[in-house]
Protein chains: 2
Amino acid sequence: MRNYKRSPLMEERLAANRQRILDAARTLVARGGLREAQIGAVAAEAGLSSGAIYRYFPSKAELFVDVLTEAVRQEIEILDAIAAGPGTATQRLTLAVESFVRRALRGPNLAYAFIAEPAEAEVDAARIRCRMMFGDVFKRLLKEGIAAGEFPAQNVDASAACIVGAYTEALVGPIAPATRSTRSQDRLIESVRDFCVRAVGVSAPITPTARTRKSAAKG
Amino acid sequence: MRNYKRSPLMEERLAANRQRILDAARTLVARGGLREAQIGAVAAEAGLSSGAIYRYFPSKAELFVDVLTEAVRQEIEILDAIAAGPGTATQRLTLAVESFVRRALRGPNLAYAFIAEPAEAEVDAARIRCRMMFGDVFKRLLKEGIAAGEFPAQNVDASAACIVGAYTEALVGPIAPATRSTRSQDRLIESVRDFCVRAVGVSAPITPTARTRKSAAKG
DNA sequence: CATATTTGTGAAGCACAATTCACTTTTTGA
DNA sequence: TCAAAAAGTGAATTGTGCTTCACAAATATG
C-alpha cells in the first residue's frame, strides 16, 4: 500500500465537508456574530467534531478569513457588475448603494456583519482589506462621475471611505435593529441611498425611481 | 473602633487613584487599542496592583464602560455647544463635523478608537449608546436645518447615522493610517466635512472658508 | 500604643475557548 | 479479506487573562 490515492468520490466528499464548514461558520456568524461562532459550534453545525475542523483549516483565524473572503467576493462581483454596467455614474452609484444595502438587510448575507465586527488581529486585517475593496468600487465610480462632470471635484479616497462608512453604520448601527418591517426597510434603503448620492454632489436629488433628467431645475 | 471614617485626605487619595486608573486605561487604549489594555497593564500604568483595580471597579467591563462614557461625554459637550451656538444649521453642521474629525485625528483623544473597536458585550452596548448620542446631536441639527429650509426633507435618523458612520470610517478605516502629515490631515478633514455637508443636501457646496451663498450658479 | 478596619499586593484559582493527540473508524490498495 | 493510510472523534491539554483571596501595609479610633 505505498501509493495511497483518494478516490474521486472521497475527494468530493472532502471538498463538500470543507464547504460545509465554511457554510456552517457563515450561518453562525449571520445568526449571532463572530462571538457565537466558536470552533465547537461550527463543528456541530457542520456535523463534524472540533478536531476535524483542523484537518481543513490550520486555525480558527484562517477559517474566518476564508469565510470573510468568500462572502465579500460575492458582493464585490455584484457591485462591480453594476459599476461597469450602463447608465450615468449617478445612476450606477444609486443602484450600487441601493443594491448593497438591500442585500445586506435581507441577510443572511453577513458580508455586512463581517465588515463591522471585531475579531482576532488576523481577521481584522482581512476586514480592513475588504472595506478597502468596497471603497475601491466606489472610488472608480466617483472618478468617472467627476470626469463626466456629474460630480464636483473631491477627494475620492475620502468620499469612497465615507460612503462605505455611511451605509455600514446605517446597517449595523443603532438604526438597523429597530428596522423590522419591509416597509421601514425600504424607507431606510431609500434614505441611505439618497444620502450617499447627495453626498458626492449630485445637484438634482434622485427620487425613488431614478431616471436621468438633464434639464431638471433645482429648487 | 466602631465608627470608622475616612479622613478627607484619604478620601482624596482614593479618588485620585480611581482617576489614575481611568487615565491609565484611557492612555493604554489610545496607545494600542482595547486589545492592549489588560487589567495587568492598566494596573502597572496606574502604579497599582491588579488586585487593587477591583477595589475601584467591579469588573474590567465596567471599568471600560466608565472610560468610554467619560471620553464620550467630553466630545458630546463640545458638539452640543457647537450645535447650540450661532449661525445657520449648515454652518454649525460644517463646524461640528470638522471639529470632531480634527480632535479625533489629533489624539490621544481616543473617543474614536472606542467608537470603532470591539469588546465584551457590555462595553459593546455602551458603545452603541454612545454612537447614538453622537447621532442625536446631528439629528437635532438636521431637523433645524430642514425646518429652516436649508436642507431638503429626509430621514433624519438615517442621515444622522450615516454622518456618524462616514466620519468614523474616514477616521479609523483604511484611509486614516496613511494620513500622517498635517497637510494631508487638513485635506482629509475638509473632504469629510464637505462630504457630510453635501450629503444632507446643502445646495451650494461649502468652500474651505464657508459662507452662505444663496445665488451660487451651478456649472 | 493597641486594635479594628480598610486598602494594597500578587500569586493562585478559575473560566473559557482554541488546539492537540491517542484512539477509533473509514477508505484504499494488494 | 487484510494491512497501511487517512479521516474523524472528543476528552485532555494549553494558553490567556480576568478575578479572587490570604496576607501585608496603612489608616483610623480609643
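Just so we're on the same page: letters track the sequence lines, and every chain starts at 1. From a predicted model like this one, the values you see are computed outputs, not experimental measurements. Values below: all heavy atoms of this structure, side chains included; hydrogens, waters and symmetry mates excluded.
- Residue B:I53 contributes atom CD1, which lies 14 Å from atom C1' of D:dT20 at whole-angstrom precision.
- B:D66 has a carboxylate O that lies under 4.0 Å from a charged side-chain N of B:R18, or vice versa, which qualifies the two as a salt bridge.
- The residue from A:D157, A:V156, A:V137 that alone fulfils the side chain to side chain contact (heavy atoms under 4.5 Å, CB included) condition with A:L142 is A:V156.
- Separating the CZ atom of A:F57 from the C1' atom of D:dA7 is a distance of 15 Å, rounded to the nearest angstrom.
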Tabulate atom names and distances for all N/O pairs under 3.5 angstrom spanning the protein and nucleotides 15-19 of chain D.
from	atom 1	to	atom 2	distance (Å)
D:dG17	OP1	B:Q38	NE2	3.0
D:dG17	O5'	B:Q38	NE2	3.3
D:dC18	OP1	B:K60	NZ	2.8
D:dC18	OP2	B:I39	N	3.1
D:dT19	OP2	B:Y54	OH	2.5
D:dT19	OP2	B:K60	N	2.8
D:dT19	O5'	B:Y54	OH	3.3

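- Listed by chain and residue number, A:Y167 satisfy the ring pair (Phe, Tyr, Trp, His ring centres under 6.0 Å) test with A:F138 (two or more places apart in sequence, or in another chain).
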What's touching nucleotides 6-8 of chain C from the protein side, N or O pairs under 3.5 Å?
from	atom 1	to	atom 2	distance (Å)
C:dT7	OP1	B:R6	NH1	2.6
C:dG8	OP1	B:N17	ND2	3.0
C:dG8	OP1	B:Y56	OH	3.4
C:dG8	OP2	B:Y56	OH	3.1
C:dG8	N7	B:R55	NE	3.1
C:dG8	N7	B:R55	NH2	3.0
C:dG8	O6	B:R55	NH2	2.9

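- In this structure, A:F57 has its ring center no closer than 6.0 Å to that of A:F64.
- Atom C1' of nucleotide D:dA6 and atom CG of A:L9 are separated by 15 Å, given to the nearest angstrom.
- Using a 3.5 Å distance cut-off with no hydrogens or angles, the side chains of A:R198 and B:Q154 do pair a donor with an acceptor.
- The distance between atom CD of A:E12 and atom P of D:dA6, rounded to the nearest whole Å, is 21 Å.
- Remark: B:D80 engages B:R140 in a salt bridge, criterion side-chain N to carboxylate O under 4.0 Å.
- Here the P atom of nucleotide C:dA18 and the CG atom of A:L34 are 11 Å apart, to the nearest Å.
- A salt bridge is absent between A:R31 and A:E36; no separation between the charged side-chain nitrogens and carboxylate oxygens falls under 4.0 Å.
- Taking 4.0 Å as the cut-off between side-chain N and carboxylate O, A:E45 and A:R20 do not count as a salt-bridged pair.
- Distance, A:K5 NZ to C:dA30 C1': 17 Å, rounded to whole Å.
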